[in-house]
J.: 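Sharing a structure below in structure tokens format, with a few things to ask.
A, B, ... follow the sequence lines: proteins, then strands. Residue 1 opens every chain.
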Number of protein chains: 2
Amino acid sequence: MKLDQGIIKKSKWMWENCLPHISVDSVVFGFHENQLKVLLLKMNVAKKWLLPGGYILKNESLQDAAKRVLFERTGAERVYLQEFGVFGAINRSEGFFDGYEDDLWYKQRFISAGFYALVDYTEVNVSADEYSETCEWRSIDDLPELAMDHQLIYTNALTLLRQQLSYKPIGLNLLPEKFTLPELQKLYETILGKPLNRGNFYRRMMRFDILIKQEDLRKGGAHKAPYLYSFDPLKYHESLQGLDW
Amino acid sequence: MKLDQGIIKKSKWMWENCLPHISVDSVVFGFHENQLKVLLLKMNVAKKWLLPGGYILKNESLQDAAKRVLFERTGAERVYLQEFGVFGAINRSEGFFDGYEDDLWYKQRFISAGFYALVDYTEVNVSADEYSETCEWRSIDDLPELAMDHQLIYTNALTLLRQQLSYKPIGLNLLPEKFTLPELQKLYETILGKPLNRGNFYRRMMRFDILIKQEDLRKGGAHKAPYLYSFDPLKYHESLQGLDW
DNA sequence: CCAAAAGTGTTTAGCCTACACCCATGC
DNA sequence: GCATGGGTGTAGGCTAAACACTTTTGG
């Protein structure tokens with residue numbers, strides 16, 4: 001393996017500015033063309049797929065670190081971000097960066113906090129960094145194999161997302177500002193992986209009482225133009241608070 | 001404040017053997033005399049109450065660290081242990097150990113993984129360590145104020161315990177090997193803080209299908225001797241698996 | 001007119017609660 | 001006999017699922 005001088009230089013910066021042994025990995029969900037997507041990186045050194053992640057600055061909270069890392073990667077600020085588990089097995093990152101010196105930042109043992117994030121696909125401009133040849137959205141129906149324990153992290157995040165769907169409102173961060181009810185229903189169906197009854201779905205959303213019907217319609221379709229809705233941010237967040245902690 | 005040479009010596013050992021910046025804090029629940037109890041320490045330096053916690057050895061997984069710390073403190077091995085959240089605010093431990101040098105292990109910034117534990121009260125022998133003047137069970141109805149963010153950690157753990165009670169079997173690790181149905185019901189009532197209907201409780205437990213009726217009875221009471229039960233470990237753990245991750 | 005969207009009504013099944021009744025048993 | 005424990009029956013209420021019917025409307 002050819003050693004990358006850029007990595008070695010960056011390594012020094014990391015040791016000075018970040019907390020050692022702790023990392024953050026995020027499972028970033030987006031919704032586009034009726035598919036649930038996850039943001040993935042392909043490392044240019046190891047040629048393996050990974051979740052986007054990063055490290056914690058010495059004067060930065062864990063939550064802020066997750067937010068910053070996500071912003072650096074996507075430019076998105078209007079995100080839902082929640083910590084959902086710590087991954088602390090000893091051999092998590094075994095075998096990576098084998099050719100490098102032992103004092104390379106990335107060769108440390110890391111304990112990683114897993115975050116799951118919901119972002120508006122249309123608001124995101126993905127950008128690879130110097131270690132990754134690509135950063136791209138992948139449909140969850142067509143995921144490549146993930147390296148290290150990232151497969152596990154991803155699975156846990158998806159499970160949690162599906163669980164939360166049944167008792168929390170989901171959507172504010174996954175959809176553009178205005179959307180139609182059929183679009184919202186498609187989102188739910190995609191996440192759950194099964195069709196939902198339209199009438200019941202309509203009533204359920206109305207019961208949440210978090211939607212505001214807009215004046216305008218989504219024109220241009222072949223048939224009746226559906227109403228546009230937006231979320232009522234206040235009621236939406238109330239609804240998020242009330243349920244669990 | 002008088003500086004403690006023992007702490008300074010121990011600090012050196014910590015730097016050599018533990019992962020910096022990462023800690024583990026456990027909310028340890030026990031059940032005794034119809035009260036739900038939590039294990040607390042009172043620090044002899046700061047005279048403040050804290051949850052029992054510890055650090056991660058360099059060649060130890062996070063989960064193992066939590067298990068070890070708990071064992072060192074209680075001697076209990078038959079425990080239920082689950083990570084439930086990371087606490088990573090910047091000023092979590094502000095003000096502690098103010099009189100000491102900045103390179104004191106304990107003065108670092110720590111990001112802490114919160115574990116909640118269920119243990120059999122009768123199996124536990126609590127032991128204070130060199131930093132705590134007492135280590136004792138406190139009823140959750142009579143908790144002292146906890147220092148740092150330990151109040152928050154405790155509250156989150158209790159909330160989770162109450163939630164899990166409704167869809168997971170709870171009890172294997174909180175009760176002695178053999179117990180009666182009224183005792184199990186009391187445990188549930190204590191955790192939830194409200195009385196439950198006996199007949200419905202009976203049916204619910206039977207529906208879980210995780211109890212084994214013993215031959216013998218709990219003799220000695222004033223009235224009819226109740227049956228003793230034990231958990232079927234296989235079915236108990238199946239039941240734990242199936243539901244969420 | 002057709003197909004999608006919007007809104008509402010109804011039936012059914014399942015579940016949890018509350019309550020009540022039975023029997024057994026130790027003192 | 002009386003208080004506790006063990007076990008079962010049942011009526012009411014709530015919710016979710018399934019299905020159906022109506023009206024509106026863009027092209």
J.: Whether Arg68(B) and Asp64(B) form a salt bridge (side-chain N of Lys/Arg under 4.0 Å from carboxylate O of Asp/Glu) is what I want to check.
T.: no
J.: Would you list the atom pairs, donor with acceptor, under 3.5 Å between side chains in residues 74-87 of chain A and any protein atom, with sequence neighbours excluded?
T.:
{"from": "Thr74(A)", "atom 1": "OG1", "to": "Leu70(A)", "atom 2": "O", "distance (Å)": "2.8"}
{"from": "Thr74(A)", "atom 1": "OG1", "to": "Ala76(A)", "atom 2": "N", "distance (Å)": "3.0"}
{"from": "Arg78(A)", "atom 1": "NH1", "to": "Glu123(A)", "atom 2": "OE2", "distance (Å)": "3.4"}
{"from": "Arg78(A)", "atom 1": "NH2", "to": "Leu172(A)", "atom 2": "O", "distance (Å)": "3.2"}
{"from": "Tyr80(A)", "atom 1": "OH", "to": "Gln82(A)", "atom 2": "OE1", "distance (Å)": "2.6"}
{"from": "Tyr80(A)", "atom 1": "OH", "to": "Lys168(A)", "atom 2": "NZ", "distance (Å)": "3.3"}
{"from": "Gln82(A)", "atom 1": "OE1", "to": "Gln164(A)", "atom 2": "NE2", "distance (Å)": "3.3"}
{"from": "Glu83(A)", "atom 1": "OE1", "to": "Val86(B)", "atom 2": "N", "distance (Å)": "3.4"}
{"from": "Glu83(A)", "atom 1": "OE2", "to": "Gly85(A)", "atom 2": "N", "distance (Å)": "3.0"}

J.: Does CD belonging to Glu177(A) count more than 12 external heavy atoms closer than 6.0 Å?
T.: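 12 or below, so no.
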J.: Nearest-Å distance, CG (Asp216(B)) to C1' (dT25(C))?
T.: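 It is 17 Å, rounded to the nearest whole Å.
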J.: Considering every strand and a 4.0 Å limit on heavy-atom distances, what is the contact class for Arg207(A): base, sugar-phosphate, or nothing?
T.: sugar-phosphate
J.: Using atom NZ of Lys219(B) as one end and atom P of dT25(C) as the other, report the distance to the nearest whole Å.
T.: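 Spelled out: NZ on Lys219(B) to P on dT25(C) is 10 Å.
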J.: In whole Å, I'd like the distance from the CZ atom of Arg218(A) to the C1' atom of dA5(C).
T.: 14 Å
J.: Just how far, in rounded Å, is P of dT24(D) from CG of Leu217(A)?
T.: 15 Å
J.: Between residues 188-206 of chain A and DNA chain C, which residues have a heavy-atom gap below 4.0 Å?
T.: Arg198(A), Gly199(A), Tyr202(A), Arg203(A)
J.: If I take atom NE2 in residue His223(B) and atom P in nucleotide dA3(D), what distance separates them, rounded to the nearest angstrom?
T.: 8 Å
J.: To the closest 0.5 Å, what do you measure between NZ (Lys48(A)) and CE (Met148(A))?
T.: 10.0 Å
J.: Tell me the interatomic distance from Tyr229(A), atom OH, to dA5(C), atom P, rounded to whole angstroms.
T.: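 Atom-to-atom, Tyr229(A) to dA5(C), this comes out as 12 Å.
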J.: Aromatic rings Tyr121(B) and Trp137(B): how do their planes relate, parallel, tilted or perpendicular, breaks at 30° and 60°?
T.: tilted
J.: With nearest nucleotide decided by heavy atoms, which residue, Thr180(B) or Lys224(A), maps closer to the 5′ end of DNA chain D?
T.: Thr180(B)
J.: Quick one: sort the Tyr116(A) and Phe29(A) rings into parallel, tilted or perpendicular, breaks at 30° and 60°.
T.: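 Geometry flag for Phe29(A) against Tyr116(A): perpendicular rings.
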J.: Which nucleotide sits closest to the side chain of Pro182(B): dG5(D), dG7(C), dA4(C)?
T.: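 In terms of side-chain proximity for Pro182(B), the closest of dG5(D), dG7(C), dA4(C) is dG5(D).
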J.: Would you mind reading off the distance between Phe179(A) atom CZ and dA5(C) atom C1', rounded to a whole angstrom?
T.: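 Whole-Å distance recorded here is 16 Å.
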J.: Nearest whole angstrom, please: distance from the P of dG5(D) to the OH of Tyr227(B).
T.: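 Value for this atom pair: 13 Å.
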J.: Would you say the side chains of Ser230(B) and Gln214(B) form a donor-acceptor pair under 3.5 Å?
T.: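 There is such a pair between these side chains.
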